[in-house]
Amino acid sequence: MSALSVENLSSGYAGAVVLREVSLALAPGEILAVLGKNGMGKSTLLKAVMGFLPKMTGTVAISGSEATRLSPHRVARLGVGYVAQEKALFQDMSVEENLRLAIRRPDFEAALAEVEASFPFLLQRLKQRAGTLSGGEQKMLLMARSLATGAKLLLVDEITEGLQPSVIDRLAGVIRSARERHGTTMLLVEQHLPFALAVADRWAVLDRGEFAETGATSEPDSRARVLKHLSV
Ligand SMILES: Nc1ncnc2c1ncn2[C@@H]1O[C@H](COP(=O)(O)OP(=O)(O)O)[C@@H](O)[C@H]1O
Ligand SMILES: [Mg+2]
């Protein structure tokens, strides 16, 4: 059974269709990178799956559970974590307070150990105000928080945006090991091609709301095939 199944999904804003009958399926533990130029509908896809935007056509199922008409809150309860492109943390609260708000288990320390295993830098910054982390670090905190709360499917919107190249190089390994530890399925929206090809099992290019081409990252011509769509 697919961890995520999207069939003929259309969505958009106030009558303007952005996403046009998109279909995809993710096997449990699989990582798919969705690439594409600005404005092609990548964020719209994640928001529609999460239930933040209306679905004009199509269906969404999460591990076999029908999720087409669920609110974001109910989708999250099916084990879906969403790391938005825009800032989504409590900026004035500390890293620790942001984690504590989400992790309502008796053993907060055990959850922290899980966070440390994948994102050790966060443990050094527990008392730091979340708003003073870089954009990329804030997304890593959101991702760590989702993993610690047991999300089985992560929708991640441009986690590399605003990160230094040295951090991006390390992040691919971090995400792959997080997947190994938790078996998490991931739908990663990315603009950073080397990162996407290093971390994902498959890639798909979104062009004006439709998938123009897909492939496995193991195929040696992946880079050239994606670049064809990204050049203006
Ligand atoms: N809140 C909004 N209201 C109206 N149109 C929007 C809104 N957000 C995005 N769009 C439009 O939808 C299209 C796709 O946007 P988006 O999904 O954010 O693209 P991407 O993430 O690929 O850069 C763009 O044409 C954009 O202008
Ligand atoms: Mg976007």
Side-chain angles (χ1 to χ4, degrees), residues 4 6-24 26 31-60 67-68 70-73 75-76 80-89 91 133-143 146 151 153-163 167-168 171-172 175 185-200 202-215 217 222-223 225-232:
L4 171 66
V6 173
E7 283 182 26
N8 300 321
L9 178 63
S10 303
S11 186
Y13 308 85
V17 183
V18 169
L19 205 62
R20 296 167 190 280
E21 309 215 334
V22 163
S23 298
L24 66 91
L26 288 182
I31 302 180
L32 171 69
V34 174
L35 298 141
K37 289 188 280 193
N38 272 327
M40 292 301 172
K42 303 183 298 297
S43 296
T44 302
L45 168 63
L46 298 192
K47 287 177 183 167
V49 169
M50 241 1 248
F52 286 110
L53 289 173
K55 297 173 185 74
M56 296 160 176
T57 68
T59 57
V60 171
T68 308
L70 298 186
S71 65
H73 180 71
V75 172
V80 185
Y82 171 54
V83 178
Q85 190 169 7
E86 53 277 1
K87 289 195 168 108
L89 290 165
Q91 302 286 311
L133 298 174
S134 76
E137 289 167 344
Q138 292 194 29
K139 290 184 189 184
M140 283 189 247
L141 173 53
L142 282 168
M143 205 166 162
S146 292
L153 169 65
L154 284 185
L155 311 179
V156 183
D157 204 340
E158 299 203 25
I159 193 167
T160 58
E161 194 178 28
L163 286 180
V167 181
I168 293 175
L171 188 57
I175 289 179
T185 309
M186 302 190 204
L187 180 55
L188 302 180
V189 161
E190 262 309 321
Q191 298 245 35
H192 197 291
L193 181 54
F195 172 82
L197 294 180
V199 75
R202 286 191 294 131
W203 54 266
V205 176
L206 202 55
D207 186 0
R208 281 160 287 182
E210 295 178 287
F211 283 133
E213 198 168 346
T214 68
T217 55
S222 286
R223 193 183 128 80
R225 284 167 64 200
V226 174
L227 278 175
K228 207 173 54 198
H229 297 282
L230 300 186
S231 55
V232 188

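When a ligand or atom number is given, it counts from 1 through the structure's own listing order. Predicted model, so just to flag it, every value in this text is computed and none were measured. Values reported hereafter were calculated over all heavy atoms of this structure, with side chains retained and with hydrogens, waters and symmetry mates removed.
- For the residues S11, G41, S43, the heavy atom positioned nearest atom 21 (O) of ligand 1 is part of S43.
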Could you go step by step and tell me if F211 and L206 meet the side-chain contact (heavy atoms from CB on, under 4.5 Å) rule? CA-CA 5 Å; F211 283 133; L206 202 55; 3.6 Å; yes

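- The shortest N or O to N or O distance between Q85 and ligand 1 is not below 3.5 Å.
- Checked by atom type and distance alone, the side chain of S10 never pairs as donor or acceptor with a backbone atom of M56 at under 3.5 Å.
- The backbone N or O of G36 sits less than 3.5 Å from a side-chain atom of K42, completing a donor-acceptor pair.
- The nearest heavy-atom contact from the protein to atom 2 (C) of ligand 1 is Y13 CD2, 3.3 Å.
- E158 and K139 are not joined by a salt bridge, as no carboxylate oxygen comes within less than 4.0 angstrom of a charged side-chain nitrogen.
- Taking every heavy atom of N38 and a limit of under 4.0 angstrom, the matching atoms of ligand 1 come to 23 (O).
- The protein atom (non-hydrogen) at minimum distance from atom 16 (P) of ligand 1 is T44 OG1, 3.6 Å.
- Across every non-hydrogen atom of V17 and L19, the tightest pair is CG1-O, 3.4 Å.
- For atom 27 (O) of ligand 1, no protein non-hydrogen atom is found at a distance below 4.0 Å.
- Here the Mg ion (ligand 2) is the vertex; the OG atom in S43 and the OE1 atom in Q85 give an angle of 80° (to 10°).
- Closest heavy-atom approach to atom 23 (O) of ligand 1 among the candidates G209, G39, G36: G39.
- Using a 4.0 Å cut-off between charged side-chain N and carboxylate O, E86 and K47 make a salt bridge.
- Remark: the D157 side chain and the S43 side chain contain an N/O donor-acceptor pair separated by less than 3.5 Å.
- Distances between N or O atoms of V18 and those of ligand 1 include no value under 3.5 Å.
- Using a 4.0 Å heavy-atom cutoff, K37 is listed among the residues neighbouring ligand 1.
- Which parts of ligand 1 touch M40 is read off a 4.0 Å heavy-atom cut-off, strictly below it: atoms 19 (O), 20 (P), 22 (O).
- Between G12 and L53, the shortest heavy-atom contact is O-CD2, 4.0 Å.
- Counting only heavy atoms, the protein gets under 4.0 Å from atom 6 (C) of ligand 1.
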